[in-house]
Structure formats: C-alpha cells, structure tokens
2 protein chains.
Amino acid sequence: MKHIADSTVRRLSLYLRFLEEFERHGHATISSGELARSGGTTSAQVRKDLSFFGSFGKRGLGYGVSDLIASLRHILGLEARWPVVIVGAGKIGAALAQYRGFGTHGFDVVGVYDTDPARVGEALNGVPVRPDAQLEADIAALRPRIAVLCVPGEAAQPVLDRVVAAGIRAVLNFAPAALTAPEGVTVRTVNMATELEVLAFALTNAP
Amino acid sequence: MKHIADSTVRRLSLYLRFLEEFERHGHATISSGELARSGGTTSAQVRKDLSFFGSFGKRGLGYGVSDLIASLRHILGLEARWPVVIVGAGKIGAALAQYRGFGTHGFDVVGVYDTDPARVGEALNGVPVRPDAQLEADIAALRPRIAVLCVPGEAAQPVLDRVVAAGIRAVLNFAPAALTAPEGVTVRTVNMATELEVLAFALTNAP
DNA sequence: CATAGCTTGTGAAGAATTTCACAAGCCTCC
DNA sequence: GGAGGCTTGTGAAATTCTTCACAAGCTATG
C-alpha cells in the first residue's frame, strides 16, 4: 500500500472523534464540509484523506455517520482491543493509568511498572503497580503491543531498549527525552517543554 | 517576517533540548551533523531551520553550544519567563501542576483552577487551587499569557472561550476535544486517543 | 602564506502535501 | 422521467517542505 502521511492518520483520528460526537447527537449523515469545519480543515482535505482507503460516501448525500465510524475504526486498526503497559507510576504515569479514555477507546492497561518499592502494590484503576524487574516477563506473558513511557528523561532510552528487546513495536513517550529506536519500531514523543515553547514562539511572533 | 512552519519550530525546540544536554557534557562546539543525529533529522535540515533566523555558526567549525542555546532561546521567546494558568485540577491537571519541567523551562504556574470545592484550597507544588469563578479576575490581575486546559472534554470549549475573552492568546489543551478559537489565538491540543490511534495504525499496517 | 580539511549557508531540485476544480452520481420534486 | 441542487472522488495545479550539492569561509599546519 502507498505510504500514508502521519498528518493524514492524525486527521482520521480527529474525524473519528467528531463522528462519534455527531452520532451521539443523532445525526445520520454528514458531508465532508461539515466534518472539515469541525476539524479545522477543508472539505477537499477530508475527501482526499478518505480516498486513500476507498470510497465511503454517497454523492449528493454525504457520509453515513455510523458507516464512516466503522470504516475509520477499521482503517485505524481499532476493531480489536490493544493491550498497553505503562512504565513509570509517578505523577504522569499514575494519572494516565487512571484515565478512563484508554478503556473507552479500545486500549487496555494490562500493567503498570515502577522501580520504587513504595509504589509497587498500589492499585491504579484496578491495575496493580508491579516491580520494574517484572517488565520483561510480563511483556512475554501478556503480550502488550504498546508501551507508554512515563519515566524520568534519563531512564527513557534504557527502558525503550528493554521493551523493544521484549517485543514491543509501538511506544508513546512522555519522558522529556528524544529517543532512538530501531527500524520497525514506532515511537511518538509528547514533550511538554516543546508544546509550551511552540506557544511561546507563537506569542513572541504575534502579528 | 516570512512564515515559519510549525515543524520547524518543533525542531528548534528539540535542538535546544540536545544543546542543553551537550552543554552539560561540557562540549563547546557542535556541528549540524551531530545535532541532526541526536534529533533524528539531517544536517541540511538543521542548517536550513537555523537559516530562517540568521547565521549562527562558523564555517569549518560548527556552532558554539552556548551561543546557539542563547540564540535559540531568543528565537523561541524564552528570554523572559512566561506565566501560565492551569484550568482543571483533576488527575492530569494536578500532575502537571506538580511537574518541575515548567519551572526549569521558563514557565511559571501562577494559578490552578477547579470547580470542585473539595479541591479548592489544596496546594499543588506551592500554588493553591483556586475557585474556577476566580479565573477571569485572576487573568486580569496576574496577566498569564498561556492557559493549560485539563478539564473534561465537554467543558473545554466553554473554558477556552472564557480564557480567550479574558485576554489569553495561547492555549495548551489536554482535554479530549478539538477546539475552535478566533484568529490570533494559538491552540495546541494533545490528545491521548489520537496518539494511541496513530500507534495502532502503525502496528496494523506494519511491514 | 599556501594548502588541506572541515563545515556552514543557501539557491535549486526534488518530494510530499494541500488545494483546486470539475465530471460523475445521487436524491427530490415537479 | 427530466431538471435542479447537492456532494463525492480525483486528476492536475499550486504550495509547502525537505534534500541536494557546492561555493564560501574558517582553522590548523608546515
């Protein structure tokens, strides 16, 4: 299949958010223009994004909301649930472990890990915090597909190397560090400092 | 000034992270190639990114680490400190309020707001949680430039409208909602579901 | 001072992404 | 059943972003 741009995938995810909203409001169909307005893009962009994967609408009518939701969920790979491990049960890790959004979006937290014995044993949203040393064995046993890193910056690369060695191929990194991973491993980093600095730049260079 | 791409600004921020690392390790100069390797890009990209803002290196030598740090901090607008308010003192809001990275990167949390009377009064990292109703008055008095939204999805747009009306021009949104803001207001949304879905897509369409 | 060895800064080329614009198709209403 | 009014899907054009490639310039060395 042709390569799909990262920006396209993010927009598809965003469309899915809005479609779910539309469905809750009882709308049966939606046009590319309406979807575009919600997502801050253009109708041509919406149609082009979808066209990479097929043809989902009806000319003159628009898209069936629930059909398009199903199609997007299929495209994004959300038909099965994805098991996830969270490494690091500090402030951010604990907050994420208790975040309900994981479950409602098809992701199951199957393990939370920490090196601090004081935190081990604690249960976060029903999932007990387990010792960091258990990480490899648990990945082998529970086969999570995604690891979420919430460890201090300097620990992030070593932990990444460990989870990759244990078979993980997708990582969401909240540690303030830029990571390098082998070919075939997808890493997304969410860096608070960078987000704030982009805002500072925007404010500094305001019109 | 010519328009600077978002991706360029994010890379500048990333370069700054690495330069700080290099400086801690005692390196005095760095070449575009070394900086590129750390940041997962190319030397040409590094030089092009910097060239939008001027000429910072010495041919044959590279860049002076501390000079380039100073230049980047100037470019990104990090020479002064930026006051920030956090709206929502739930799990994520509280975790952020206690995150040390704000302070070390030049951002000061001057207020945390919540509607829940049980949380009001609590002090997070020295900053007391104040009643949500106080938000507008405090923005007028303390003049924060950035608002971080950690409220439930359905509350995000109303809160955004309020902080914009009160004079805020830059918003970092952690609520699971896509927001619309008037011209001149920069909004960055960090959406857990989208990040995870991009990973699910990558895993589903793995080679 | 001339040469060798690096590395920057930058036009130009190339690639990727977004926007345009329009034929094709569906529905409704007369 | 034909006309009118919408909306999709998609090549082509336009724009934006990245990579290439090389002249220019700095340092060190003999």
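Sequence lines set the chain letters: A, B, ... in the order given, protein chains first and strands last, and positions in each chain run from 1. Just so it is clear, the structure is predicted and the values come from calculations on it, not from any experiment.
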Report the distance from atom NZ of B:Lys2 to atom P of D:dT15, rounded to the nearest whole Å. 15 Å
Between A:Gln98 and A:Ala94 (side chain of the first, backbone of the second, donor and acceptor by atom type, cut-off under 3.5 Å), is there such a pair? yes
Whole-Å distance, B:Asp67 CG to C:dT8 C1', equals 15 Å
Phosphate-side-chain proximity, B:Tyr63 and C:dG9, N/O vs OP1/OP2 below 4.0 Å: yes
With sequence neighbours left out, the residues meeting salt bridge (Lys or Arg N to Asp or Glu O under 4.0 Å) with A:Arg130 are A:Asp138
Non-hydrogen side-chain atoms of A:Leu142 and A:Pro83 separated by less than 4.5 Å: no
A:Asp49 has an atom CG; how far is it from atom C1' of C:dT17, in whole Å? 10 Å
Nearest-angstrom distance from the residue atom CZ of A:Phe56 to P of C:dC26: 17 Å
Check every atom of D:dT27, C:dT10, C:dC27 against the side chain of B:Lys48 and return the nucleotide holding the closest atom. C:dT10
Hey, which of these two, A:Phe52 or B:Ser51, hits DNA chain C nearer its 5' end, going by closest nucleotide? B:Ser51
Residues touching DNA chain C, which here means a heavy atom under 4.0 Å, drawn from residues 31-45 of chain A: A:Thr42, A:Ala44, A:Gln45
Tell me, please, which residues at least two apart from A:Tyr99 pass side chain to side chain contact (heavy atoms under 4.5 Å, CB included). A:Phe102, B:Pro176, B:Met192
Not counting sequence neighbours, list each pair that qualifies as a ring pair (Phe, Tyr, Trp, His ring centres under 6.0 Å) and has a residue in residues 17-47 of chain A. A:Phe22-A:His27
Mind listing the residues from residues 4-26 of chain A sitting with a heavy atom below 4.0 Å of DNA chain C? Number order is fine. A:Ala5, A:Ser7, A:Arg11
Any donor-acceptor pair under 3.5 Å linking the side chain of B:Glu34 with the backbone of B:Ile30? no
Using a cutoff of under 3.5 Å, can you pull out all pairs of nitrogen or oxygen atoms linking the protein to nucleotides 22-25 of chain D, with atom names and distances?
| from | atom 1 | to | atom 2 | distance (Å) |
| --- | --- | --- | --- | --- |
| D:dA24 | N3 | B:Arg59 | NH1 | 2.9 |
| D:dG25 | N2 | B:Gly60 | N | 3.1 |

